[in-house]
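From a predicted model like this one, the values you see are computed outputs, not experimental measurements. Residue numbers run from 1 in the order of the sequence given.
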Amino acid sequence: DASISLSTKNRRSNHPCRVAITRVASAAPRLVNGPGAPLWIEETRCDTRSGMRLTANGHAFPTDPSQMGELLDSSSLLADPDALRDRFETEGHLLMRGLVPSETVLAARQEILTKYAVVGEIDDRHPIMDAVAGNGDGVLHANMRAFTESVRTGAHYESVILHERLLGVVGVLLGGEAVPFDFRWPRLVRPGEGCGFHCDGPYMNRATDKHLSCWIPLGRIEPHESGLVILERSHRNQRLRDGYLSMDADRDGLVWLDEDPAIVQEHYGERWLTTTYEPGDVLIFSMDTLHGAADNASPVDRCRLSTDSRY
């Protein structure tokens, strides 16, 4: 399976470990067939600070502060393992600002975007680091297996997902040495794309339930650029536990929980939480935490570059 997203005619994947390699036929909103499938859905959104409107699949996120809030920075707890574990258990996630050095992250960004530019997914008439979407005209002529492997195993990329500070925090939360999954999920999210609402558990829990997810922005990402959103304390929702979280994605053919953030919020949690992410930030969350992403409504056609890794 490919771990790298490229534009395609038919984006189909019902598993978060799979990314279809396809060409975008139009910018019209569409919903992929499956939760956890790497980030395919559209919106314009409601930035918690800029006032920009956020949506998912054409459905608006709420704007009332009682329904939409800012992720809490937990980096002040870094030296207190017990406090980190307590907050993770209570909230189901931790936002760790500046956990990985920004220069390490930006080197990975340069490495990956350069590779995307080679196949035309990034427009090299602009500075590569601006990540302006290209037309993908080289995709059909590229060796996509080699491309995917190259992106997933780049030295600078690995220096982010295997950084000692990241592994240290994950180890504290898991209560032992943090062992990364062999498979990694770099994500390039183009303008008009996003991610449906899901939990990782139904896709990852066959062998053990002692693991967690890390989402790392490989560059600055504002909410309207497909920033990740977390449903507050959804990991404690009994309805979610009794239903969706008891399922197996492949066996049960799971799809996104719903297209509408208001409906998801009503059924499964409290506030939607997001923020403007900076290079070096890491968002760690449990297999039971409901999350997704606003669509990429970048006014300058900037692609969102991020990575998912599990430990």
Side-chain angles (χ1 to χ4, degrees), residues 1-22 30-41 56-57 92-93 144-145 147-149 151-153 161 170 174 178-189 193-216 226 228-231 234-261 263-264 267-269 283-293 306-311:
D1 290 337
S3 68
I4 311 304
S5 61
L6 291 175
S7 29
T8 66
K9 272 191 181 162
N10 297 308
R11 239 188 201 110
R12 289 184 152 332
S13 174
N14 65 350
H15 193 288
C17 304
R18 298 179 187 138
V19 179
I21 296 177
T22 54
R30 60 202 182 284
L31 173 65
V32 263
N33 184 20
L39 310 156
W40 316 141
I41 307 177
N57 311 301
H93 68 273
M144 297 316 304
R145 185 178 295 277
F147 175 87
T148 295
E149 186 65 16
V151 174
R152 283 199 298 117
T153 60
I161 61 174
V170 172
L174 292 176
V179 179
F181 280 32
D182 292 336
F183 204 92
R184 297 87 180 260
W185 295 263
R187 316 280 201 200
L188 187 77
V189 183
E193 297 174 351
C195 177
F197 304 118
H198 64 283
C199 303
D200 289 347
Y203 303 91
M204 303 285 174
N205 281 346
R206 284 183 179 174
T208 178
D209 59 3
K210 197 171 184 179
H211 52 308
L212 47 74
S213 291
C214 293
W215 184 85
I216 305 173
S226 199
L228 206 75
V229 291
I230 292 282
L231 191 58
S234 51
H235 67 302
R236 296 187 167 193
N237 183 275
Q238 196 60 46
R239 180 176 181 176
L240 203 57
R241 288 182 173 278
D242 292 342
Y244 181 84
L245 286 169
S246 67
M247 302 174 78
D248 180 285
D250 288 332
R251 181 193 65 210
D252 300 317
L254 289 186
V255 295
W256 305 125
L257 277 167
D258 200 280
E259 298 181 12
D260 190 335
I263 292 175
V264 174
H267 289 167
Y268 299 113
L283 182 59
I284 306 171
F285 50 93
S286 75
M287 293 289 117
D288 297 345
T289 297
L290 204 159
H291 61 283
S306 62
T307 180
D308 301 350
S309 47
R310 276 87 187 188
Y311 305 85

Are any non-hydrogen side-chain atoms of [X] and [Y] less than 4.5 angstrom apart?
| X | Y | answer |
| --- | --- | --- |
| D308 | D200 | no |
| H211 | N205 | yes |
| F197 | L290 | yes |
| W185 | R310 | yes |
| Y311 | I161 | yes |
| H93 | H235 | no |

Return the minimal non-hydrogen interatomic distance between L240 and C199, and the atom names on each side.
-> CD2-SG, 3.8 Å

What's the shortest heavy-atom distance between P202 and L254, and which atoms?
-> CB-CD1, 3.4 Å

What distance do [X] atom [atom1] and [Y] atom [atom2] have between them, rounded to the nearest 0.5 Å?
| X | Y | atom1 | atom2 | answer |
| --- | --- | --- | --- | --- |
| T289 | N237 | OG1 | CG | 11.5 Å |
| S309 | R184 | OG | CZ | 8.5 Å |
| T153 | E149 | OG1 | CD | 4.5 Å |
| S226 | R187 | OG | CZ | 11.0 Å |
| M247 | Y203 | CE | OH | 9.5 Å |
| S213 | F181 | OG | CZ | 8.0 Å |

For H291, enumerate each residue passing the ring-ring contact (aromatic ring centres under 6.0 Å, His included) test, keeping only those at least two apart in sequence or located in another chain.
-> H198, F285

Set of residues satisfying side chain to side chain donor-acceptor pair (under 3.5 Å) with respect to H267, sequence neighbours excluded = none

When you look at CG of D182, are more than 12 heavy atoms from neighbouring residues, nucleotides or ligands closer to it than 6.0 Å?
-> no

For the pair C214 and I284, evaluate side chain to side chain contact (heavy atoms under 4.5 Å, CB included) and give the outcome as yes or no after the intermediate values.
-> CA-CA 4 Å; C214 293; I284 306 171; 3.8 Å; yes

Apply salt bridge (charged side-chain N to carboxylate O under 4.0 Å, His left out) to D248 and list each qualifying residue two or more places apart in sequence or on a separate chain.
-> R206

